[in-house]
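Here is the structure we will look at.
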There are 2 protein chains.
Amino acid sequence: MTQAGTGTPRERYRAQVRAEIKEHAREQIATAGASALSLNAIAKRMGMSGPALYRYFAGRDELITELVRDAYRSLADTFRAAAGSGADLAGLAHTMRSWALADPQRYFLVFGTPVPGYHAPADVTQIAAETMAVILDACAGPADEGGGPTAFEAHLDGHRQWAGGHPAPPAALHRALSFWTRLHGVLSLELAGHFAGMGFDPALLFAAELDDLTAH
Amino acid sequence: MTQAGTGTPRERYRAQVRAEIKEHAREQIATAGASALSLNAIAKRMGMSGPALYRYFAGRDELITELVRDAYRSLADTFRAAAGSGADLAGLAHTMRSWALADPQRYFLVFGTPVPGYHAPADVTQIAAETMAVILDACAGPADEGGGPTAFEAHLDGHRQWAGGHPAPPAALHRALSFWTRLHGVLSLELAGHFAGMGFDPALLFAAELDDLTAH
DNA sequence: GACCGCGGTGATAACCTCTCACTCAATCTT
DNA sequence: AAGATTGAGTGAGAGGTTATCACCGCGGTC
């Protein structure tokens, strides 16, 4: 959060009301999912009439987009903080899992089912790139084994604009991508409840995937 | 599909209209997502008035549940057919990828963001178990390497009710779970468009993950 | 002290799901 | 064959939603 006490009193009030609206929206999404977010319900709970909210957000879409942006930023900040505390790849994985379990709907806001027409604004892809840079840093650490790059790693080396100029070697690019997709595979199925009646402990599956990732 | 020409003319008509409603719903979901499914719009496109649809489905939820059930069944049937044609683990993986790419929204109907309150009916978890059984069959094929089961595999061996009495060895249980989560990790991110601006070919990432899975 | 910007309101339009009373035709029974 | 019953379809309507509009009144500004 940037300095709370900036600007004119009007601007401060406006920022405070915007934050309060977002807070109610987060609460509502956490309990009933993003599709059940209702501007009217938020307004009523804040003691205002419905149309008043349109002074603060252009519509439902803009409010949700704002929450998505916050979720991306929260993930990026959490990752950077963990990396700043000296977390290695395993540490980042556990950071990611904790972040996901703390608020599953926030995770789905970032990685969940997309709406076909929707295109994320440019700045959230930039925030996602920040997150990826942290992962790439952690992946570049361990030394590559002897063998040359595989065919896929050569392909990644030739299409590395998504790395944003990060100087990671091809094997690290591959490792970062696997890190992302494998952890997401376990986490998304766990949060979606697909492991619910199965009996085993999702945390152990997560740990096993992580082991395979770092041991390889 | 069970025999189309069964029962009284009334029942045949009813089944036909139900199928037509579901067809329009699928179309609508494929282009705008499940959250944009509108009973009124379907009714209008079929030349009926809104409330007429409630003769065929108790409400929006039941229609969506029916589509989810169909999606699960389609996946299970596709898997069984592939296994019946002698597909190994790699063949099943490509079957899964083709099935997902053919209709991304259908994939999200099964593996997408869940609605917090919603609980899937018992029969879809049964269909999911059928699918898992096919995967377990394919995983039990390759002989285990020498070493004994890891700690996680011992845990899986002690909590194997999700395997439905399948006699797969502990290593196969682990392999099946990894197969599922890793492919889902790549597929869901690809279908959600998270690889869109990155430049590399998702098919190659999928193949690389599959390679690691079968080579291990 | 006059003025303008902005927050908030009620009314309204256009959707949505879903219920109800009712009509009418097809089917089944006697 | 005539009557009774079942079920499909309708229009009206309740209650919810997003979103726009004209209007009111207060606070900060010139």
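Letters A, B, ... mirror the listed sequences (proteins, then strands); counts begin at 1. Bear in mind that the values here come from a model prediction, so they are computed numbers and not experimental data.
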Notebook entry, point to check: B:Tyr56 has a side chain; which of D:dG9, D:dA19, C:dT9 sits nearest to it?
Noted result: D:dG9
Next item on the list: Could you tell me whether the phosphate oxygens of D:dG9, OP1 or OP2, come under 4.0 Å of any side-chain nitrogen or oxygen in B:Tyr13?
Entry: yes
Next item on the list: Check whether any side-chain N or O of B:Arg160 sits under 3.5 Å from a backbone N or O of B:Leu173 as a donor-acceptor pair, and report yes or no.
Entry: no
Check: Is the distance from OP1 or OP2 of C:dC16 to the nearest side-chain N or O of B:Ser38 less than 4.0 Å?
Finding: yes
Margin query: What is the separation between atom CG on A:Asp61 and atom P on D:dT18, rounded to the nearest whole Å?
Written below: 11 Å
Checklist line | NE2 on A:His24 to CG on A:Leu37, rounded to 0.5 Å | finding: 12.0 Å
Notebook entry, point to check: Does B:Asn40 place a side-chain N or O at less than 4.0 Å from the phosphate oxygens OP1/OP2 of C:dT17?
Noted result: yes
Note to self: Closer than 3.5 angstrom, by distance alone: can the side chain of B:Arg106 be matched with the main-chain N or O of B:Trp99 as a donor-acceptor pair?
What the structure shows: yes
Next item on the list: Rounded off to whole Å, could you give me the CZ-to-C1' distance for the B:Arg60 and D:dT17 pair?
Entry: 12 Å
Check: Considering only side-chain heavy atoms of A:Lys44, which listed nucleotide, D:dT17, D:dC23, D:dG9, is closest?
Finding: D:dT17
Checklist line | Distance in angstrom units between B:Arg10 CZ and D:dG7 P, rounded | finding: 7 Å
Margin query: Tell me the interatomic distance from A:Glu11, atom CD, to D:dG28, atom C1', rounded to whole angstroms.
Written below: 13 Å
Notebook entry, point to check: B:Arg55 CZ to D:dA8 P: how many Å, rounded?
Noted result: 6 Å
Notebook entry, point to check: Can you check the A:Arg18 CZ to C:dC6 P distance for me, whole Å?
Noted result: 15 Å
Checklist line | Distance below 4.0 Å between A:Ser49 side-chain N/O and C:dG8 OP1 or OP2 | finding: no
Margin query: I want to know whether A:His155 and B:Phe200 have ring centres closer than 6.0 Å.
Written below: no
Margin query: Expressed as a whole number of angstroms, how long is the span from A:Arg14:CZ to C:dC6:C1'?
Written below: 9 Å
Check: When the nearest nucleotide of DNA chain C is assigned to A:Gly50 and to B:Ala41 on a heavy-atom basis, which residue is associated with the more 5' position?
Finding: A:Gly50
Checklist line | Between C1' of D:dA8 and CD of B:Glu20, the distance in whole Å | finding: 15 Å
Check: For DNA chain C, whose closest nucleotide is more 5', that of B:Thr8 or that of B:Tyr54?
Finding: B:Tyr54
Check: Rounded to the nearest 0.5 Å, what separation is found between the CD1 atom of B:Ile135 and the CH2 atom of B:Trp180?
Finding: 8.0 Å
